[in-house]
Amino acid sequence: MQMLRKYYYGDYGEGKNGAADISTSGKSNHEWPLWEVFIRSKQGLDHKHAGSLHAADATMAIENARDVYTRRMEGVSIWVVESKHIHASNPEEAASLYDPANDKVYRHPTFYDLPDELKHM
Amino acid sequence: MKNELIDFTLYLADNALIIGHRNSEWCGHGPVLEQDIAITNISLDLIGQARNFYQYAAQLINEENTEAKATEDTLAYLRDGWDFKNSLLTEHPNGDWAQTITRQFFFSVYQYYLYQQLQNCSNEQIAAIAIKALKEVTYHVKWSSEWMIRLGDGTEESNSRLKKAIDNLWMFTGELFDLSAYESVIYSAWNIDNDKIKNEWESKVKGILEEATLEIPVNATWHQSGGKTGTHSEHLGFLLAEMQSLQRAYPGNEW
Amino acid sequence: MNPEEIFQDKIDQEIKIEPKDWMPEKYRQTLIRQISQHAHSEIVGMLPEGNWITRAPSLRRKAILIAKVQDEAGHGLYLYSAAETLGISRDEMIEQLHSGKAKYSSIFNYPTITWADMGAIGWLVDGAAIMNQVPLCRNSYGPYARAMVRVCKEESFHQRQGFELLLHLSRGSEIQKRMCQDAINRWWWPSVMMFGPNDDASPHTAQSMKWKIKRFTNDELRQKFVDICAEQVKLLGMTLPDPDLKWNEEKQHYDFGKINWEEFWNVVSGNGPCNKQRLDARKKAWEEGAWVREAAAAYAEKRKSRQNIQAA
């Protein structure tokens with residue numbers, strides 16, 4: 001039997017650990033693809049991940065997102081992207097990716113000790 | 001004119017309530033979770049519209065007769081079948097998803113072009129309700145049009161189901177443009193152009209059906225009517241019996 | 001530290017586990033079972049209340065009830081999505097529900113007989129659910145915790161509308177008062193049972209607490225629920241159907257009567273009044289919707305290939 005390999009968000013390849021790669025038989029191939037929904041809650045703010053849903057195509061995904069995730073005035077703009085198109089960093093590499101920023105405190109304005117009399121800075 | 005205004009307002013309210021009620025029957029039984037939520041939203045929009053119209057109708061009725069004590073609920077729950085003015089199309093049972101979609105599509109397109117004109121009418125209350133409702137109806141037209149196209153141009157089965165639904169419901173669409181006496185009075189007082197609504201409806205429906213690889217039924221020259229003046233199909237009686245059961249069983253109780 | 005120790009260390013530090021992080025297979029399985037069971041409960045739970053949508057006695061109540069049942073569909077959807085990040089598809093979960101392999105909350109196997117049941121479900125059933133759900137907003141699995149935050153935000157409207165509905169009845173006519181008390185009588189014990197077996201009969205609790213996918217034991221939550229309801233019922237001027245319900249000054253808790261576990265296990269295993277009816281309704285909706293889902297998928301496929309031809 002032909003096995004389909006599916007990745008959900010967090011896809012970074014063939015990693016064995018973690019939960020997101022699954023194999024399903026071809027049986028449920030009528031299942032509408034999964035989409036990730038990003039919502040701008042008000043003008044001027046970033047779109048933020050709200051959740052996911054199933055839809056047959058992008059138009060339907062936006063409408064479904066509207067019906068599912070903005071019923072209580074939560075949004076003014078919606079992005080959807082098919083989950084399989086999202087690539088994420090590998091959590092196992094987290095240490096090498098993010099820890100090196102820890103000792104670069106000079107990037108933060110608070111690192112610099114200046115006299116209180118100094119205004120407008 | 002006052003009586004015609006009351007009747008016309010009730011017509012708008014009844015249409016919205018009855019089709020909204022029908023759509024609510026899908027809640028919990030939809031073909032997929034996302035669409036269960038979608039049709040329920042449409043149902044809520046329509047019931048909301050109905051409430052606005054009923055509240056206005058109640059106000060008009062109470063102005064006419066101070067004893068009447070009409071409310072949105074007495075109008076929805078304590079009138080009999082022959083008092084209901086909704087078009088026959090709206091009371092038609094849900095059937096399968098194709099039939100529900102077709103009913104919604106035919107009706108929403110009608111509502112859209114009607115409200116387009118009502119939003120500019122001289123009656124402020126009706127115009128205000130129409131303006132608010134148009135936003136909802138615009139979405140209903142979009143949603144139902146897309147489903148018409150999806151089903152028509154989907155699989156062989158969905159195409160034949162949709163075709164059947166159109167054939168079944170077509171004869172109930174003519175009534176939408178048959179003016180009742182109260183509509184005639186209101187339309188001429190408010191300069192509402194029924195022919196325009198009809199032409200716009202036909203051209204929108206034809207366009208979407210074409211995209212859905214379908215056609216308007218041929219040989220469909222006869223249509224049913226009666227709903228607008230209270231002569232309904234058998235379906236409405238059952239709907240009202242269910243909807244009104246508590247109010248009828250326990251008169252005078254507040255819920 | 002080995003992966004399992006690192007994992008447990010994160011949990012102990014209240015660091016969330018995210019979909020691609022390493023996790024023990026048992027943790028993944030337990031979560032899938034717990035989340036999908038919760039999702040199924042939301043979906044099956046739409047049915048007993050959906051029953052009354054067409055009979056709601058006022059337009060206001062009708063709109064409220066529709067919005068509430070619709071929320072439950074939304075909650076099911078959020079939860080299915082959370083479970084999907086663990087590597088199971090929604091279709092697979094639905095199949096497990098339909099085959100009887102997956103369970104759902106057995107409370108929904110009781111019938112909704114009168115309008116007052118809409119109130120009792122909101123107050124008691126949703127009240128018990130919230131008791132369970134609020135702590136789960138802090139559970140260790142990120143997508144699940146986020147879904148629960150969303151669920152809880154929406155759920156409080158459910159409980160409030162339920163109590164308000166009962167309050168109305170309790171101040172209404174004789175028949176309405178009778179309806180109110182009758183519904184409380186029928187929904188009380190099933191609600192108390194909703195928290196699951198006593199702690200000593202709940203073998204997975206210790207592991208789940210350690211993994212922080214359960215944050216209080218069944219009996220702790222149950223006691224809290226009883227304490228709250230025993231006070232709230234006074235506002236309704238109604239009673240809870242338990243002659244042993246009594247404030248215990250020493251424990252600073254209410255004592256309550258024996259739970260009929262035989263009934264509980266029977267309902268769980270399929271002998272409730274509506275088990276078959278509920279599952280049949282779900283299967284029917286799913287089967288009758290198959291052609292709709294296929295059609296939309298086929299159309300999307302067609303359109304995509306047409307666009308590709310155009311682009312080429």
Side-chain angles (χ1 to χ4, degrees), chain B residues 17 20-41 43-44 47-48 50-51 54-55 71-73 75-77 96-98 101 146-147 149-159 161-162 212 239 242-247 249-250 252-255, chain C residues 39 42-63 65-67 69-74 76-77 80 90 94 114-115 165 168-169 171-173 175-176 179 281-282 284-303:
Chain B
L17 174 63
H21 179 98
R22 280 293 188 218
N23 287 339
S24 78
E25 292 170 10
W26 274 105
C27 187
H29 306 275
V32 68
L33 217 37
E34 284 82 353
Q35 295 301 323
D36 201 306
I37 294 174
I39 193 148
T40 308
N41 259 351
S43 168
L44 279 172
I47 290 170
R51 292 183 65 187
Y54 281 132
Q55 285 162 13
T71 66
E72 58 171 20
D73 287 329
L75 294 173
Y77 289 92
D96 62 7
W97 188 250
I101 293 293
E146 283 164 5
W147 267 110
I149 295 165
R150 246 179 233 129
L151 296 181
D153 196 16
T155 60
E156 225 172 276
E157 180 176 8
S158 68
N159 178 280
R161 281 176 184 263
L162 186 65
L239 186 155
E242 191 171 332
M243 186 175 85
Q244 299 178 336
S245 56
L246 276 171
Q247 287 273 0
Y250 309 109
N253 282 346
E254 296 272 344
W255 301 92
Chain C
E42 297 281 354
I43 300 309
V44 176
M46 294 170 78
L47 298 168
E49 288 175 284
N51 258 339
W52 282 88
I53 286 176
T54 53
R55 287 177 289 172
S58 74
L59 293 178
R60 175 175 168 269
R61 291 281 177 210
K62 195 183 193 71
L65 185 59
I66 293 173
V69 181
Q70 183 195 41
D71 272 354
E72 278 150 19
L77 195 153
Y80 281 132
R90 194 198 292 175
I94 289 176
T114 76
W115 171 249
L165 194 159
H168 244 82
L169 296 179
R171 294 170 178 174
S173 65
I175 196 86
Q176 287 175 315
M179 257 183 212
R282 282 314 314 158
K284 183 165 177 280
W286 186 246
E287 281 158 17
E288 289 180 353
W291 70 269
V292 180
R293 299 190 298 275
E294 273 166 40
Y299 173 74
E301 210 40 61
K302 270 191 209 175
R303 211 174 55 162

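We name chains A, B, ... by the order of the sequence lines, and we start the count at 1 in each one.
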Trainee: Just give me the residue among C:Gln70, C:Met46, C:Lys302, C:His168 that pairs up with chain B most often, heavy atom to heavy atom, under 4.5 Å.
Mentor: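 Among the listed options, the one with the most contacts to chain B is C:Gln70.
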Trainee: With a 4.5 angstrom heavy-atom cut-off, which part of B:Ile149 approaches chain C: side chain, backbone, both or neither?
Mentor: both
Trainee: Given heavy-atom pairs under 4.5 angstrom as the criterion, report whether the side chain, backbone, both or neither of B:Asp36 touches chain C.
Mentor: side chain
Trainee: Check each atom of B:Ser24 against the heavy atoms of chain C and say whether the ones under 4.5 Å are side chain, backbone, both or neither.
Mentor: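 Both backbone and side chain.
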Trainee: Considering only heavy atoms and a distance below 4.5 Å, find which of B:Arg22, B:Arg51, B:Glu157, B:Gln244 pairs most often with chain C.
Mentor: B:Arg51
Trainee: Please flag which part of B:Ala98 lies under 4.5 Å from any non-hydrogen atom of chain C: side chain, backbone, both or neither.
Mentor: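 The answer is both parts of B:Ala98.
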Trainee: Within 45 degrees of the axis of the six-membered ring of B:Trp255 and under 6.0 Å from its centre: does C:Arg60 put its NZ or CZ there?
Mentor: no
Trainee: Does the pair B:Gln35 and B:Trp97 meet the rule for a side-chain hydrogen bond (donor to acceptor under 3.5 Å, both in side chains), with working shown?
Mentor: CA-CA 10 Å; B:Gln35 295 301 323; B:Trp97 188 250; 5.7 Å; no
Trainee: What part of C:Leu65 is in contact with chain B, defined as an atom under 4.5 angstrom from a non-hydrogen atom: side chain, backbone, both or neither?
Mentor: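 When you check distances to chain B, no heavy atom of C:Leu65 falls under 4.5 Å.
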Trainee: About how many Å separate NE2 of B:His29 and CG of C:Leu47, when rounded to the nearest 0.5 Å?
Mentor: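 Going from the CG atom of C:Leu47 to the NE2 atom of B:His29 covers 5.5 Å.
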Trainee: Looking only at heavy atoms and a cut-off of under 4.5 Å, which of C:Val44, C:Val292, C:Thr54, C:Ile43 has the most pairs with chain B?
Mentor: C:Thr54
Trainee: At a 4.5 Å cut-off on heavy atoms, which part of B:Thr40 comes close to chain C: side chain, backbone, both, or neither?
Mentor: both
Trainee: Find the one option among B:Thr155, B:Asn41, B:Leu33 whose heavy-atom pairs under 4.5 Å with chain C are most numerous.
Mentor: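 Max contact count across the listed options: B:Leu33.
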Trainee: Based on non-hydrogen pairs under 4.5 Å, which of C:Ala285, C:Ala67, C:Ser58, C:Ala300 is most in contact with chain B?
Mentor: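 Option with the greatest count: C:Ser58.
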Trainee: Non-hydrogen atoms of chain B under 4.5 Å away: do they reach the side chain of C:Ile66, the backbone, both or neither?
Mentor: both
Trainee: Name the region of B:Ile47, side chain, backbone, both or neither, that has any atom closer than 4.5 Å to a heavy atom of chain C.
Mentor: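 Side chain of B:Ile47 only, per the 4.5 Å heavy-atom cut-off to chain C.
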Trainee: Name the region of B:Trp26, side chain, backbone, both or neither, that has any atom closer than 4.5 Å to a heavy atom of chain C.
Mentor: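 Neither; nothing under 4.5 Å.
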Trainee: Given heavy-atom pairs under 4.5 angstrom as the criterion, report whether the side chain, backbone, both or neither of C:Glu288 touches chain B.
Mentor: neither
Trainee: Return the option, out of B:Asp153, B:Leu17, B:Asp96, B:Leu44, with the maximum number of heavy-atom pairs under 4.5 Å with chain C.
Mentor: B:Asp153
Trainee: Between OG of B:Ser43 and CD of B:Glu25, what distance do you get to the nearest 0.5 Å?
Mentor: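 Taking OG in B:Ser43 and CD in B:Glu25, the distance rounds to 9.5 Å.
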Trainee: Counting distance only, does the side-chain N/O of B:Glu242 pair as donor-acceptor with the main-chain N or O of C:Arg55 below 3.5 Å?
Mentor: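 The answer is no, because no donor-acceptor pair under 3.5 Å joins these two groups.
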Trainee: With side chain to side chain contact (heavy atoms under 4.5 Å, CB included) as the criterion, how do C:Leu77 and C:Arg90 come out once you've worked through the C-alpha distance, each side chain's angles and the decisive distance to 0.1 Å?
Mentor: CA-CA 9 Å; C:Leu77 195 153; C:Arg90 194 198 292 175; 3.8 Å; yes
Trainee: Heavy-atom pairs under 4.5 Å with chain C - which of B:Gly30, B:Cys27, B:Gly48 has more of them than the others?
Mentor: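 Top count of heavy-atom pairs under 4.5 Å with chain C: B:Cys27.
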Trainee: Would you say the side chain of C:Leu59 lies within less than 4.5 Å of the side chain of B:Tyr77, judging by non-hydrogen atoms?
Mentor: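 They are in side-chain contact.
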Trainee: Does NZ belonging to C:Lys284 count more than 12 external heavy atoms closer than 6.0 Å?
Mentor: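 Open: at most 12 neighbouring heavy atoms sit under 6.0 Å from NZ of C:Lys284.
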Trainee: Heavy-atom distances under 4.5 Å only: say whether B:Arg161 touches chain C with side chain, backbone, both or neither.
Mentor: side chain
Trainee: Counting heavy-atom pairs closer than 4.5 Å to chain B, which one of C:Glu294, C:Arg303, C:Lys62, C:Arg282 comes out on top?
Mentor: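 With the most close heavy-atom pairs to chain B, the winner is C:Lys62.
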Trainee: Taking all heavy atoms of B:Leu162 and all of B:Gly152, pick out the closest pair and write down the distance.
Mentor: CD2-N, 3.5 Å
Trainee: Any idea which heavy atoms bring B:Leu246 and C:Trp115 closest together, and the distance?
Mentor: CD1-CB, 3.5 Å
Trainee: Sub-3.5 Å donor-acceptor pair from the side chain of C:Gln176 to the main-chain atoms of B:Glu254, do we have one?
Mentor: yes
Trainee: Quick one, C:Ser173 and B:Tyr250 - any side-chain contact, counting heavy atoms below 4.5 Å?
Mentor: no
